[in-house]
Amino acid sequence: MSARLLDGKLISEQVLEETRRGVAEFTAKHGFAPGLAFVRVGEDPASVVYVGAKAKMCERLGIQGQTYVLPASAVEAQVLDLVASLNAQPRVHGILVQSPMPAGIREDVVFEAILPGKDVDGFHPLNLGKLAVGDPTAFVACTPAGVHQILLRGGIPLAGRRVVILGRSRIVGKPLALLLSGKGKGADATVTLAHSRTQDLPSVTREAEILIAAMGKNRFVTADMVREGAVVVDVGITRVPDPAKKSGARIEGDVDFIPVSQKASWITPVPGGVGPMTIAMLMANTLKAAKLQTA
Ligand SMILES: NC(=O)c1ccc[n+]([C@@H]2O[C@H](COP(=O)([O-])OP(=O)(O)OC[C@H]3O[C@@H](n4cnc5c(N)ncnc54)[C@H](OP(=O)(O)O)[C@@H]3O)[C@@H](O)[C@H]2O)c1
């Protein structure tokens with residue numbers, strides 16, 4: 001079998017277009033746009049690029065994006081002060097503090113200082129708890145929300161199916177397991193959450209009708225680990241040195257793409273799969289936050 005592509009770029013454009021229309025309606029109704037504040041601490045090059053790309057997407061969609069930059073020498077109390085002032089601003093509906101932060105700043109403490117209703121990254125424990133109990137006002141972390149949308153919009157049935165997720169992180173694997181195993185439409189899957197202590201991993205992954213890899217181990221998932229006809233979603237991003245590339249590196253996923261795509265029925269590419277969905281779901285979460293705060 002040769003797998004068909006689940007095209008995250010295409011699906012992300014659908015989500016972005018819906019969000020753009022929703023933002024226009026919101027702005028016409030209220031006379032102000034949904035607002036998203038970015039906080040960056042220091043000049044980590046990847047963070048500069050990520051925040052820049054997200055701010056540019058806000059512009060494209062009509063969201064009022066505002067970037068706040070603190071010096072790398074900033075201490076935790078300064079970040080918390082800034083978060084507190086953004087929490088208090090009514091036109092700031094979403095707050096994103098870019099990770100990683102400089103050493104000495106406890107990221108958990110910063111994320112928990114964001115008002116849960118403005119936590120568009122979905123990292124606050126209250127939002128993870130709301131997701132666990134199926135509360136529709138939960139903000140779901142953008143990458144798992146993006147994987148869910150790829151499956152739903154790609155027409156992949158979930159109800160009753162066996163899903164194996166490789167990786168149990170708080171920002172990807174765990175929320176994704178909660179989303180897919182939730183009760184109701186677009187969920188109802190039977191989910192196994194595997195990790196580095198899982199024994200005989202290939203026998204677990206071969207059970208999967210839907211296999212989702214979120215480990216950060218490039219080309220870890222080989223064809224012998226995949227059941228014939230499985231749907232394979234690759235969240236992993238690893239930068240591999242490559243002198244043939246202008247940037248000196250290429251991006252690889254957790255899945256050994258070519259051999260696995262001979263066995264799978266559907267597969268996401270890297271890049272162009274889950275990656276573009278993450279930013280699209282951030283925009284969608286910001287519109288949701290603005291609507292909930294003005295309801
Ligand atoms: N596309 C996107 O927009 C996007 C967004 C976020 C993350 N990512 C990518 O997704 C990947 C995962 O990110 P993350 O933040 O979730 O990573 P993480 O916090 O490092 O978690 C990795 C998970 O993989 C598990 N794992 C590691 N090695 C394993 C092995 N040999 N066998 C089984 N499980 C193993 C770990 O198990 P333990 O818990 O036992 O240590 C852990 O649960 C990374 O490549 C990251 O760059 C992509």
Side-chain angles (χ1 to χ4, degrees), residues 5-13 15-16 44-47 49-54 57 96-101 107-108 111 120-123 128 131 139-151 154 163-180 191-208 211-222 224-226 232-241 249-257 267-285:
L5 275 192
L6 282 167
D7 186 340
K9 184 88 189 86
L10 194 79
I11 295 171
S12 72
E13 286 300 330
V15 174
L16 289 169
D44 171 65
S47 296
V49 172
Y50 291 150
V51 171
K54 291 169 193 169
M57 189 60 85
L96 182 149
V97 183
Q98 184 65 44
S99 173
M101 283 174 249
E107 295 198 341
D108 285 359
F111 293 144
V120 286
D121 247 344
F123 293 167
L128 201 56
L131 172 61
F139 287 97
V140 180
C142 301
T143 301
V147 171
H148 193 209
Q149 286 301 315
I150 286 187
L151 293 171
V163 176
V164 174
I165 301 170
L166 296 173
R168 58 175 164 184
S169 75
R170 181 171 149 181
I171 61 164
V172 186
K174 208 162 278 173
L176 190 53
L178 290 169
L179 263 179
L180 303 185
V191 178
T192 300
L193 195 52
H195 46 77
S196 67
R197 306 298 298 272
T198 300
Q199 288 187 4
D200 191 7
L201 200 59
S203 75
V204 175
T205 56
R206 277 194 292 268
E207 294 259 302
L211 178 61
I212 304 170
M215 292 177 294
K217 303 268 176 216
N218 59 315
R219 299 197 191 193
F220 183 94
V221 177
T222 47
D224 60 305
M225 295 171 74
V226 176
V232 178
V233 177
D234 192 350
V235 183
I237 297 178
T238 304
R239 249 166 251 282
V240 181
R250 66 173 186 276
I251 304 288
E252 285 188 353
D254 285 351
V255 174
D256 195 8
F257 184 83
I267 191 165
T268 61
V270 175
V274 176
M277 292 303 295
T278 298
I279 192 163
M281 298 318 297
L282 173 68
M283 300 294 122
N285 275 354

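These numbers were taken from a predicted model, which means no experiment stands behind them. Order of appearance sets the numbers: ligands from 1, and atoms from 1 within every ligand. Below, each value reflects all heavy atoms present in this structure, side chains not excepted, and no hydrogens, waters or symmetry copies.
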Return the set of residues passing salt bridge (Lys or Arg N to Asp or Glu O under 4.0 Å) with Glu207 (not counting sequence neighbours), or none when no residue passes.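 Expected list: Arg162.
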
Sequence neighbours excluded, which residues qualify as salt bridge (Lys or Arg N to Asp or Glu O under 4.0 Å) partners of Asp108? Arg170

Do Thr238 and Glu252 pair up side chain to side chain, a donor and an acceptor below 3.5 Å, judged on atom types alone?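 The criterion, which ignores hydrogens and geometry beyond distance, is not satisfied for Glu252 and Thr238.
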
Under 3.5 Å donor-acceptor, Asn285 side chain and Val140 backbone: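 Present.
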
Kindly say whether Asp234 contributes a backbone atom to a donor-acceptor pair with the side chain of Thr268 at under 3.5 angstrom?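 Yes: the side chain of Thr268 pairs with the backbone of Asp234.
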
Put together the list of close N/O pairs, under 3.5 Å, between ligand 1 and the protein, could you?
residue, atom, partner, partner atom, Å
ligand 1, 3 (O), Thr278, OG1, 2.8
ligand 1, 16 (O), Ser169, OG, 2.5
ligand 1, 34 (N), Ser196, N, 3.2
ligand 1, 37 (O), Ser196, N, 3.3
ligand 1, 39 (O), Arg168, NE, 2.7
ligand 1, 40 (O), Arg168, NE, 3.4
ligand 1, 40 (O), Arg168, NH2, 2.8
ligand 1, 40 (O), Ser196, N, 3.2
ligand 1, 40 (O), Ser196, OG, 2.5
ligand 1, 43 (O), Arg168, N, 2.8
ligand 1, 45 (O), Ile237, N, 2.9
ligand 1, 45 (O), Ile237, O, 3.2
ligand 1, 47 (O), Ile237, O, 3.4

Listed partners of Phe123 passing ring pair (Phe, Tyr, Trp, His ring centres under 6.0 Å), at least two apart: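 With neighbours one apart ignored, the set is Phe111.
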
